[in-house]
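One is the number of the first residue; the rest follow in order along the sequence.
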Amino acid sequence: MHAFSHGTSSTPTAVAVPPALSLPVIESEFPRQLHPYWPRLQEKTRTWLLEKRLMPADKVEEYADGLCYTDLMAGYYIGAPDDVMQAIADYSAWFFVWDDRHDRDVIHGRADAWRRLRFRLHAALDSPGDHLHHPDPLVAGFADSMVRLYSFLGKKWNERFALHFHAVIEAYDREFRNRTSGTVPTVDAYLELRRLTFAHWIWTDLLEPSAQCELPVAVRKHPAYERAALLSQEFAAWYNDLCSLPKEIAGDEVHNLGISLIHHDGLTLEEAVTEIRRRVEECISEFLAAERDALRLADSLMDGTVEEKATGVAVRACIGNMRNWFSSVYWFHHESGRYMVDNWDDRSTPPYVNNEAAGEK
């Protein structure tokens, strides 16, 4: 089918959404928004990728805009100050490049290179200022992102973000070991790991600098807020699995809900696709209920002190952006060249990765 994408160019076009991936409820009930800073955001992130040597000039020129990394973030963190939006977009672009490096290290058996990178990222997370000029562009680019992200809120938020991202790095290490040993995790083990490798709590943390407010623990840990946040991220992770299943089967991946369902539960490919889709649709309906509960939480804060009212406004902004994540993720998967496997010369090698720069021959 064709769905009209209220897209990220000056002339939106009809984007073909395959029937197996089409979610009419997203198209009708989750209107797409875009941060007004987006055109400048795209330009500056493209420049940042070049300056930080995260992608070579020819890859940036040919693929950066089509990968739609800035589009994904600009559709999520609506209302963020421009400098916060830029820092998040650059960090997100870095994350995708890191994910590609991790994949190439697995494919080419570079265990020592991955181990070095893992330890360097842990170190840069704790003291980014000391790693701004690291010879590995991936480490230096990460350090630059963290210096900027750490500048928006207080020490407690920074410590929380670091704690969450240390866990993400270690989850990527578990993925490395699973892939090099050919271990397909069980469905339950995969879902637990996926919450870390998809960085559920990182993207949720970044809602706060976007709203210019560090939320109190009692609010962040409130069941209504926490459930809405989790469901928005689960939707994104599982929809990603649905869309990337062909790409990951072609690349001999072992981390995809569909692959775990096929390997451990004996489902056919068609049955696995149906089951992932069922979970995705359930996420949407459960989010709509959780969203109402979370908005009631925000309303209850609005009746309190001046400080509580400000928190209530921020909670409303965060919940609104949890909602935006659904449409942003949905359209990203149908616009980004990252998932157009059928257009690649080699279905197991993305054309936007730079093998030579990653140390390959």
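A salt bridge between Asp83 and Arg148 is absent, with no side-chain N of the basic residue lying under 4.0 Å from a carboxylate O of the acidic one. Checked for salt-bridge contact, Arg323 and Glu291 meet the test: a charged N lies under 4.0 Å from a carboxylate O. Contact check on Arg296 versus Asp299 returns no salt bridge, with no Lys/Arg side-chain nitrogen under 4.0 Å from an Asp/Glu carboxylate oxygen. Between Arg195 and Glu234, at least one side-chain N (NZ, or NE/NH1/NH2) sits under 4.0 Å from a carboxylate O, which counts as a salt bridge. Ion pairing of Lys156 with Glu159 is absent here, as no side-chain N (NZ or NE/NH1/NH2) approaches a carboxylate O to less than 4.0 Å.
Looking at Val17, Val329, Ile284 one by one, the single match for side-chain contact (heavy atoms from CB on, under 4.5 Å) with Ile26 turns out to be Ile284.
Follow the hydrophobic side-chain contacts under 4.5 Å out from Val187 and you never reach Leu196; the two are in separate clusters. Tracing side-chain contacts under 4.5 Å through hydrophobic residues (I, L, V, M, F, W, Y), one reaches Phe96 starting from Ile202; they form part of the same cluster. Note on Val25: it clusters hydrophobically with Trp325, by side-chain heavy-atom contacts below 4.5 Å among ILVMFWY residues. Hydrophobic clustering of Ile, Leu, Val, Met, Phe, Trp and Tyr side chains at less than 4.5 Å, counting indirect connections, unites Leu67 with Trp203. Taking hydrophobic clusters as Ile, Leu, Val, Met, Phe, Trp and Tyr residues chained together by side-chain heavy-atom distances below 4.5 Å, Phe119 does not share a cluster with Phe176.
Taken from CG in Leu288 to CZ in Arg292, the straight-line distance is 6.5 Å, to the nearest 0.5 Å. The line from OG1 of Thr204 to CD of Gln233 is 4.5 Å long, rounded to the nearest 0.5 Å. For the atom pair CD1 (Ile88) and CG (Leu149), the distance works out to 6.5 Å, reported to the nearest 0.5 Å. Atom CG of Leu261 and atom CG of Asn256 lie 8.5 Å apart (nearest 0.5 Å). Atom CG of residue Leu50 and atom OG1 of residue Thr45 lie 11.0 Å apart, to the nearest 0.5 angstrom. Annotation: the span from Asp105 atom CG to Arg116 atom CZ amounts to 9.0 Å, rounded to 0.5 Å.
With Arg101 contributing its side chain and Trp114 its backbone, the two residues share no donor-acceptor pair below 3.5 Å. Of the possible donor and acceptor atoms, one in the side chain of His222 sits under 3.5 Å from a partner among the backbone N and O of Ala224. In this structure, Ser260 contributes its side chain and Leu257 its backbone to no donor-acceptor pair below 3.5 Å. Looking at Thr183, its side chain never comes within 3.5 Å of a backbone N or O of Arg179 through a donor-acceptor pair. Side chain of Ser28 to backbone of Pro24: a donor-acceptor contact under 3.5 angstrom is found. Of the possible polar contacts, none joining the Asp265 side chain to the Leu267 backbone as a donor-acceptor pair under 3.5 Å is found. Using a distance-only test at 3.5 Å, with no hydrogens or angles considered, no donor-acceptor pair links the side chain of Arg220 to the main chain of Tyr225. Without hydrogens or angle criteria, Ser22 side chain to Pro18 main chain gives no donor-acceptor distance under 3.5 Å. Thr268 places a side-chain N or O within donor-acceptor distance of the main-chain N or O of Glu271, the cut-off being under 3.5 Å. With hydrogens and angles ignored, the 3.5 Å screen pairs a side-chain donor or acceptor of Glu308 with a backbone N or O of Thr305.
Counting only heavy atoms from C-beta outward, the side chains of Pro209 and Trp157 approach each other to under 4.5 Å. Between Lys52 and Asp144 there is a side-chain heavy-atom pair separated by less than 4.5 Å. Here the side chains of Tyr172 and Ile169 are not in contact, with every heavy-atom distance at 4.5 Å or above. Contact check for Leu138 versus Val97: side-chain heavy atoms found under the 4.5 Å cut-off. Looking at heavy atoms from C-beta onward, Leu193 lies in side-chain contact with Asn178 at the 4.5 angstrom threshold. In this structure the side chain of His35 never reaches within 4.5 angstrom of the side chain of Tyr77, judged on heavy atoms. Contact check for Leu230 versus Trp201: side-chain heavy atoms found under the 4.5 Å cut-off. For the pair Asp58 and Tyr63, the minimum side-chain heavy-atom distance is 4.5 Å or more.
Residue pairs that meet the salt bridge (charged side-chain N to carboxylate O under 4.0 Å, His left out) test with at least one member in residues 164-177, sequence neighbours left out, are Arg118-Glu170, Arg118-Asp173, Asp173-Arg177. Within the structure, ring pair (Phe, Tyr, Trp, His ring centres under 6.0 Å) contacts touching residues 279-317 (residues at least two apart or in different chains) are Phe287-Phe326.
Contacts of Asp205 classified as side chain to side chain donor-acceptor pair (under 3.5 Å), with partners at least two apart in sequence or in another chain: Arg160, His164.
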Apply salt bridge (charged side-chain N to carboxylate O under 4.0 Å, His left out) to the pair Arg278 and Glu281, showing each step before the final yes or no. CA-CA 5 Å; Arg278 183 193 68 78; Glu281 291 173 338; over 6 Å; no
Please assess Phe235 against Arg279 for the test side chain to side chain contact (heavy atoms under 4.5 Å, CB included), listing each intermediate value before the final yes or no.
CA-CA 8 Å; Phe235 164 81; Arg279 290 176 184 239; over 6 Å; no
- Query: Can you check side chain to side chain contact (heavy atoms under 4.5 Å, CB included) on Arg32 and Glu27, steps first, answer last?
  - Reply: CA-CA 8 Å; Arg32 189 177 191 183; Glu27 296 173 24; over 6 Å; no
* To do: Report the C-alpha separation of Val168 and Thr197 in whole Å, then their side-chain angles, then the decisive distance to 0.1 Å, and conclude whether the side chain to side chain contact (heavy atoms under 4.5 Å, CB included) test is met.
  => CA-CA 6 Å; Val168 171; Thr197 56; 6.0 Å; no
Notebook entry, point to check: Checking side chain to side chain contact (heavy atoms under 4.5 Å, CB included) for the pair Val184/His255: CA distance, chi angles, key distance, verdict?
Noted result: CA-CA 7 Å; Val184 178; His255 297 100; over 6 Å; no
Task: Chi angles and distances behind the ring pair (Phe, Tyr, Trp, His ring centres under 6.0 Å) call for Phe165, Trp98 - done: CA-CA 13 Å; Phe165 201 76; Trp98 175 49; 5.6 Å; yes
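For the pair Asn324 and Gly75, the tightest heavy-atom approach, listed with the atom from each and the gap, is CB-O, 3.3 Å. The two atoms that bring Pro137 and Leu54 nearest to each other are O-CD2, 3.5 Å, heavy atoms only. When every heavy atom of Val254 is checked against every heavy atom of Ile259, the shortest pair comes out as O-CG2, 4.0 Å. Residues Asp90 and Trp48 share a closest heavy-atom pair of O-CZ3, 3.2 Å. Shortest non-hydrogen contact noted between Ser328 and Leu72 is OG-O, 2.7 Å.
Remark: the Asp126 side chain and the His166 side chain contain an N/O donor-acceptor pair separated by less than 3.5 Å. Side-chain polar atoms of Asn321 and Arg316 form no donor-acceptor pair below 3.5 angstrom. No side-chain donor-acceptor contact under 3.5 Å links Gln42 and Tyr69. For the residue pair Asp82 and Gln86, no side-chain donor N or O sits within less than 3.5 Å of a side-chain acceptor on the partner.
Using cut-offs of 30° and 60° on the angle between ring planes, the pair Tyr239 and His334 is perpendicular. In this structure, His131 and His134 have parallel ring planes: the angle between them is below the 30° cut-off, well short of the 60° mark.
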